[in-house]
*Asks:* 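Okay, here's the structure, questions in a sec.
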Amino acid sequence: MKNRIVYVNKQEADAVKAEALGKENVFFAEIDGRAIQTEADYVREMEAAMNCPYEKSDMYLKLGWYHDWICELLWLEEEKDVVLLMRDYDFMLVNEEKTKQHIIEDFEKITLPWWEGEVIGRMVGGKPRGFMVYLEGKAP
């Protein structure tokens, strides 16, 4: 499976969620784009959705810190693939379009390639895992 970003409508998003929750080898995470209007909101929502166990002060609510743990996921079982569903993506970061673009570019250029295979040899015991991102909304 190729790790990628897929745009879906509401019905498709509901189907993605149902399928992911029905599989034992999948970690499913869901965030609400309407609740995300700043970079810090995004990082907080992702921490909660991904069950990130690290305790941080507000100074760490930046994308740099987020990159560190999204490319570790040490608290998730190694054999589990990740399915991330971003609901109401069109409403996410409506006044911070550059941040929104940066988040998607980071998935495309860093996170998804990392989990597809770059993790091998770069992280002790690192193994590839499936990582799919579904954006509920209108495709660009």
Side-chain angles (χ1 to χ4, degrees):
M1 172 204 282
K2 176 137 176 72
N3 293 347
R4 60 193 175 105
I5 297 172
V6 179
Y7 286 86
V8 294
N9 62 34
K10 182 169 178 13
Q11 289 176 317
E12 292 166 329
D14 292 342
V16 163
K17 180 176 182 175
E19 182 179 344
L21 291 174
K23 293 182 178 179
E24 288 187 29
N25 68 332
V26 171
F27 176 84
F28 176 75
E30 181 175 9
I31 61 173
D32 177 5
R34 289 182 188 270
I36 300 170
Q37 296 308 310
T38 67
E39 181 178 316
D41 290 344
Y42 173 74
V43 174
R44 271 191 216 98
E45 289 292 316
M46 284 294 292
E47 286 174 347
M50 300 295 289
N51 295 333
C52 181
Y54 305 135
E55 289 187 30
K56 296 169 285 309
S57 67
D58 285 348
M59 68 184 265
Y60 290 108
L61 294 175
K62 299 284 183 194
L63 291 175
W65 177 254
Y66 156 83
H67 290 138
D68 287 347
W69 62 260
I70 200 75
C71 288
E72 289 177 357
L73 300 179
L74 298 173
W75 59 94
L76 297 182
E77 296 174 45
E78 284 183 14
E79 65 276 1
K80 287 200 174 190
D81 292 336
V82 175
V83 171
L84 172 62
L85 175 58
M86 294 186 182
R87 294 280 190 170
D88 289 320
Y89 175 72
D90 297 334
F91 298 97
M92 183 174 123
L93 295 163
V94 291
N95 295 318
E96 292 192 30
E97 194 60 36
K98 285 186 180 183
T99 301
K100 187 175 183 175
Q101 290 172 353
H102 186 70
I103 288 167
I104 297 305
E105 287 173 5
D106 285 350
F107 273 113
E108 294 171 336
K109 295 177 181 176
I110 299 170
T111 309
L112 300 181
W114 174 261
W115 287 116
E116 196 163 288
E118 290 177 8
V119 66
I120 298 172
R122 294 187 177 171
M123 185 171 134
V124 176
K127 296 178 184 173
R129 70 169 76 218
F131 200 123
M132 295 293 295
V133 178
Y134 294 91
L135 307 178
E136 179 193 278
K138 295 178 237 148

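Position 1 is the first residue of the sequence, and the numbers go up from there. Predicted model only: the values in this text are computed from it and were never measured.
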*Asks:* When rounded to the nearest 0.5 angstrom, what distance separates CD1 in I104 from CG in L93?
*Replies:* 9.5 Å
*Asks:* Got a second to check how far E96's CD is from D41's CG, nearest 0.5 Å?
*Replies:* 8.5 Å
*Asks:* Does K100 make a cation-pi contact with Y89, if we ask for NZ or CZ under 6.0 Å from the ring centre and within 45° of the axis?
*Replies:* yes
*Asks:* Quick one: do K23 and E19 make a salt bridge, cutoff under 4.0 Å?
*Replies:* yes
*Asks:* By salt bridge (Lys or Arg N to Asp or Glu O under 4.0 Å), which residues pair with E12, not counting sequence neighbours?
*Replies:* none
*Asks:* Please examine the side chains of R34 and M92, heavy atoms only from C-beta on, and report whether any two atoms are closer than 4.5 Å.
*Replies:* no
*Asks:* Can you name the closest pair of heavy atoms from M46 and I31 and give their distance?
*Replies:* SD-CD1, 4.0 Å
*Asks:* Can you tell me how far CZ of F107 sits from CG of L84, rounded to the nearest 0.5 angstrom?
*Replies:* 5.0 Å
*Asks:* Hydrophobic cluster membership, with links at side-chain heavy-atom distances under 4.5 Å among I/L/V/M/F/W/Y: are M132 and I110 in one?
*Replies:* no
*Asks:* Side-chain contact, heavy-atom cut-off 4.5 Å: N3 with P113?
*Replies:* no
*Asks:* At their closest point, which heavy atom of A29 faces which heavy atom of A49, and how far apart are they?
*Replies:* CB-O, 3.5 Å
*Asks:* Nearest 0.5 Å please: distance from the CE atom of M86 over to the CG atom of D32.
*Replies:* 12.0 Å
*Asks:* To the nearest 0.5 Å, how far apart are CG in D106 and CH2 in W114?
*Replies:* 14.5 Å
*Asks:* Suppose we screen for side chain to side chain donor-acceptor pair (under 3.5 Å). Which residues come up paired with K80, at least two apart in sequence or across chains?
*Replies:* none
*Asks:* Answer yes if F91 and L85 sit in the same cluster of Ile, Leu, Val, Met, Phe, Trp and Tyr residues linked by side chain heavy atoms under 4.5 Å apart, and no otherwise.
*Replies:* no
*Asks:* If you count every heavy atom of other residues, nucleotides or ligands that lies below 6.0 Å from E24 atom CD, does the total exceed 12?
*Replies:* no
*Asks:* To check you understand the geometry: which heavy-atom pair defines the closest contact between L112 and F131, and what is its length?
*Replies:* CD2-O, 3.2 Å
*Asks:* Looking at every heavy atom in both F28 and A20, which two are closest together, and how far apart are they?
*Replies:* CD1-CB, 3.7 Å
*Asks:* Does Q11 have more than 12 heavy atoms from other residues, nucleotides or ligands lying within 6.0 Å of its CD?
*Replies:* no
*Asks:* F27 and side chain to side chain contact (heavy atoms under 4.5 Å, CB included): which partner among R129, E77, M50?
*Replies:* M50
*Asks:* Could you list the residues that satisfy salt bridge (Lys or Arg N to Asp or Glu O under 4.0 Å) with E108, not counting sequence neighbours?
*Replies:* none
*Asks:* Side-chain contact test, heavy atoms from C-beta onward, threshold under 4.5 Å: evaluate it for L74 versus M123 and give yes or no.
*Replies:* yes
*Asks:* The criterion is side chain to side chain donor-acceptor pair (under 3.5 Å); which residues satisfy it with Q37, sequence neighbours excluded?
*Replies:* none
*Asks:* Any chain of hydrophobic side-chain contacts (each under 4.5 Å) joining V94 to I103?
*Replies:* no
*Asks:* Would you give me the side-chain donor-acceptor pairs under 3.5 Å for residues 133-140, sequence neighbours excluded?
*Replies:*
{"from": "E136", "atom 1": "OE1", "to": "R87", "atom 2": "NH1", "distance (Å)": "2.7"}
{"from": "E136", "atom 1": "OE2", "to": "D88", "atom 2": "N", "distance (Å)": "3.2"}

*Asks:* Using the test salt bridge (Lys or Arg N to Asp or Glu O under 4.0 Å), find all partners of K17 that sit at least two apart in sequence or belong to another chain.
*Replies:* E30
